[in-house]
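Read the structure below first, then the notes.
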Number of protein chains: 2
Amino acid sequence: MAVVSYVVNGGPRPVAEGTRQRVLAAIEQTGYRPDGVARALVGGSTMTLGLIVPDIANEFFAELARAVEHAARAAGRTVLLANSEGDAQTELALLETFLERRIDGVVIISQAPITAARMLERAGTRRVFLGAAPPDDSSIGVDNFGGAVAATMHLVGHGYERIAMIGGPDLDEVADARRDGWQHALTSLGAAEEGAFVHQPFTVDGGYVGGLELLAGDTRPQAIFAASDRQAIGLLRAAADEGISVPDELAIATFDGSAASAYAVPSLTTVQQPITQMADLAVRQLTAHDAPPLHAVLEVGLVIRRSCGCSRPWLEPRRL
Amino acid sequence: MAVVSYVVNGGPRPVAEGTRQRVLAAIEQTGYRPDGVARALVGGSTMTLGLIVPDIANEFFAELARAVEHAARAAGRTVLLANSEGDAQTELALLETFLERRIDGVVIISQAPITAARMLERAGTRRVFLGAAPPDDSSIGVDNFGGAVAATMHLVGHGYERIAMIGGPDLDEVADARRDGWQHALTSLGAAEEGAFVHQPFTVDGGYVGGLELLAGDTRPQAIFAASDRQAIGLLRAAADEGISVPDELAIATFDGSAASAYAVPSLTTVQQPITQMADLAVRQLTAHDAPPLHAVLEVGLVIRRSCGCSRPWLEPRRL
DNA sequence: TTGAAAGCGCTAACAG
DNA sequence: CTGTTAGCGCTTTCAA
């Protein structure tokens with residue numbers, strides 16, 4: 001009994017080579033497979049990580065999930081996946097289920113960071129928040145402000161003067177930062193007038209609706225900065241429906257850098273989030289023996305493609 | 001001890017109302033949370049389902065994953081997710097991990113159905129194969145042949161005569177059925193010449209490469225049937241790069257019906273897979289007390305949008 | 001170096 | 001109706 005445990009786990013007591021071989025042979029012969037449940041019961045760790053995203057069918061979260069699963073696998077962990085559907089109640093219920101399953105840690109894009117953190121703290125479960133996070137918990141975010149500035153500046157550099165924005169939901173931490181970045185870039189460049197702005201959810205439909213609204217005005221914007229790739233996809237459709245050609249009559253820049261942005265026609269100039277890096281960091285934070293609280297704000301890069309009009313003459317942006 | 005178990009689980013022995021209240025109060029006070037691991041150890045069931053897909057970042061699988069997680073949650077189950085990366089070895093290793101975690105059942109899109117089935121059979125684990133499946137295991141598929149026929153017929157109905165196809169990988173069960181459907185529709189309608197065909201992976205790049213190839217010939221096809229939405233997205237890009245307008249100069253129909261097909265510009269006419277139904281069926285099969293082997297072949301529907309040229313004059317298809 | 005035994009938190013049979 | 005007890009399959013002391 002015990003000896004089998006020693007050879008399967010390579011410890012903690014030494015085993016004579018002969019015995020080891022006999023055990024291995026027996027394992028082979030009987031098709032014995034260690035029971036992870038029993039192991040978890042005694043050992044304390046389930047070797048399982050939880051991942052809660054609003055919606056796995058959203059390209060960005062899907063890519064994130066892939067990266068997290070990959071990193072978790074490399075660390076010998078399995079991942080439990082759940083969709084909060086953007087709803088705080090659902091998210092908390094999911095967390096409760098995960099806690100009952102005794103996950104070792106959770107990566108969460110939270111709608112209710114404070115409450116979630118309290119729950120996890122009480123359960124003594126490790127966690128990493130992506131995006132919105134309570135101040136004292138580990139979190140990984142990106143430079144939303146800087147990314148928005150870079151994208152907007154790029155648009156300005158093209159010589160567009162009326163640069164509108166399709167923002168995210170109101171009072172959303174991430175959405176606000178992107179909006180501020182856009183705003184900042186415009187005002188610091190001494191834009192004559194304020195750019196048009198609409199709040200929309202981070203969805204294709206949101207981008208479509210917001211796009212139609214922005215394109216309907218009599219002084220139509222020359223460029224639109226969308227707060228997410230999904231919205232940009234919807235905006236592309238809105239422009240097509242209105243018979244407005246992108247980028248010739250309307251330039252677009254966006255935020256996320258999901259694969260969909262590369263596949264769109266025209267391909268989207270976008271602020272690229274370092275998804276793999278985020279996932280690797282998150283998993284390391286949850287699995288490392290010694291992990292001091294983490295408050296990462298990762299750099300983003302601007303990926304220049306066609307939607308901004310980069311096939312057209314280029315003007316250097318004025319200095320910030 | 002036991003009484004607590006009785007009230008938490010509502011059985012199997014009755015508990016006096018007073019005691020019940022006291023137990024409930026104690027639970028509330030202590031913040032007691034039942035340990036699922038210990039439960040699983042004694043009870044036998046982990047209330048966990050596994051899901052193995054080639055790549056969660058593929059829209060179709062992401063939508064499937066969402067539907068599976070949703071159905072599983074409704075049935076009180078949690079889902080363990082993993083990407084096989086389209087590799088049989090990885091898939092089997094993943095399965096091994098899942099088996100050690102003692103999942104109650106698995107939904108799998110398999111690269112090695114026979115081996116996987118043997119493994120699962122030996123472990124006594126319930127499973128449902130989606131797509132390729134061993135003959136005696138439960139499986140859920142769609143009418144790939146019929147769907148391809150419908151899509152192709154629709155293209156024929158538009159009056160196109162040179163209808164090419166971007167197929168899936170060679171020797172792939174699903175891909176072959178779609179190819180056969182396309183072929184069947186063409187020949188049974190007495191097409192003068194054979195349609196051009198290229199094998200490509202079910203990816204955006206596959207569709208792009210295949211599209212360029214098909215569009216390069218001197219007798220360019222009037223319409224192309226892509227074996228998957230992802231390929232169609234790539235094809236759309238290829239057409240754009242070649243300056244060919246869709247649907248005016250090239251009509252497109254495709255297979256899957258993922259959300260991306262609706263968001264594309266132009267929107268894609270596609271064979272819609274009943275994702276929710278597939279997921280519900282799969283989860284029921286894995287959780288139902290009494291589940292006789294299932295060999296479902298679900299009906300698909302043709303969703304007509306813009307890429308086929310349906311804004312243009314319409315010709316009734318000749319009879320099949 | 002190996003074997004025996006305790007116990008992880010729970011459920012279910014078995015007494016009371 | 002409630003309390004006691006025997007495991008579920010494993011890891012890890014503790015003895016031999």
Side-chain angles (χ1 to χ4, degrees), chain A residues 1-48 50 76-78 80 96-105 122-126 287 289, chain B residues 1-48 50 76-78 80 96-105 122-126 287 289:
Chain A
M1 193 70 261
V3 172
V4 172
S5 175
Y6 301 153
V7 352
V8 168
N9 304 312
R13 300 258 60 93
V15 176
E17 186 53 27
T19 328
R20 216 180 79 86
Q21 291 305 335
R22 273 194 302 139
V23 170
L24 256 19
I27 285 178
E28 176 68 23
Q29 219 175 72
T30 58
Y32 166 82
R33 184 173 4 240
D35 184 321
V37 174
R39 259 184 177 169
L41 184 59
V42 52
S45 159
T46 53
M47 297 300 267
T48 299
R77 266 65 170 190
T78 312
L80 277 175
E96 175 65 30
T97 316
F98 279 10
L99 255 18
E100 287 184 8
R101 300 287 197 274
R102 285 223 338 234
I103 53 166
D104 294 339
R122 202 145 37 185
T125 302
R126 303 173 84 163
T287 57
H289 263 292
Chain B
M1 193 72 260
V3 172
V4 172
S5 174
Y6 300 154
V7 354
V8 168
N9 303 313
R13 301 256 60 93
V15 175
E17 185 54 27
T19 328
R20 217 180 77 85
Q21 290 306 337
R22 272 195 303 142
V23 169
L24 256 19
I27 285 178
E28 177 67 23
Q29 219 174 73
T30 58
Y32 167 82
R33 181 167 14 233
D35 184 323
V37 174
R39 262 185 175 166
L41 185 60
V42 52
S45 159
T46 53
M47 298 300 267
T48 299
R77 268 63 169 190
T78 312
L80 235 26
E96 175 66 29
T97 316
F98 279 10
L99 256 17
E100 287 184 8
R101 299 290 198 271
R102 286 223 338 234
I103 53 166
D104 294 340
R122 202 146 35 186
T125 301
R126 303 173 84 163
T287 56
H289 262 293

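Nothing here was measured: the structure is a model prediction, and the numbers come from that model.
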**Prompt:** Which whole-number value in Å describes the distance from B:Gln21 CD to D:dT2 P?
**Reply:** 12 Å
**Asked** So what does A:Ala16 hit on the nucleic acid, given a heavy-atom distance under 4.0 Å: a base, only sugar-phosphate, or nothing?
**Response** sugar-phosphate
**Prompt:** With side chains defined as the heavy atoms from C-beta onward, is the minimum distance between A:Thr97 and A:Leu80 less than 4.5 Å?
**Reply:** no
**Whole-Å distance separating the CZ atom of B:Arg101 from the P atom of D:dC10** = 14 Å
**Asked** Across the strands shown, which category fits B:Val4 at heavy-atom distances under 4.0 angstrom: base, sugar-phosphate, nothing?
**Response** nothing
**Prompt:** Taking the side chain of B:Leu41 as its heavy atoms from C-beta onward, which of C:dA12, D:dG9, C:dT2 lies nearest to it?
**Reply:** D:dG9
**Item:** Distance, rounded to the nearest Å, where B:Asp35 contributes CG and C:dG7 contributes C1'
**Value:** 14 Å
**B:Arg101 side chain to A:Met47 backbone, donor-acceptor under 3.5 Å** = yes
**Request:** Check whether any side-chain N or O of A:Arg39 sits under 4.0 Å from OP1 or OP2 of D:dG9, and answer yes or no.
**Result:** no
**Gap between atoms OH and P, on B:Tyr6 and C:dC14 respectively (whole Å)** = 12 Å
**Complete:** Nearest-nucleotide check on DNA chain D, A:Val42 vs B:Ala38; residue mapping nearer the 5' end is B:Ala38
**Distance in Å, B:Ile103 CD1 paired with B:Thr125 OG1, rounded so as to fall on 0.5 Å steps** = 6.0 Å
**Asked** Does CD belonging to B:Glu17 count more than 12 external heavy atoms closer than 6.0 Å?
**Response** yes
**Message:** Is it the case that the side chains of A:Arg77 and A:Thr287 hold a donor-acceptor pair, with the cut-off being a distance below 3.5 Å and no angle test?
**Reply:** no
**Asked** Taking for each residue the nucleotide of DNA chain C with the nearest heavy atom, is it B:Val3 or A:Arg102 whose nucleotide lies nearer the 5' end?
**Response** A:Arg102
**Atom-pair distance (CE on B:Met47; P on C:dT11), nearest Å** = 12 Å
**Message:** Tell me whether the side-chain N or O atoms of A:Tyr32 pair up with the base of D:dG9 as donor and acceptor below 3.5 Å, since no angle test is needed here.
**Reply:** no
**Prompt:** At under 4.0 Å between heavy atoms, what does B:Val37 touch on the DNA or RNA strands: base, sugar-phosphate, or nothing?
**Reply:** nothing
**Prompt:** Taking atom P of D:dT2 as reference, at what distance in whole Å does atom CZ of B:Arg20 sit?
**Reply:** 12 Å
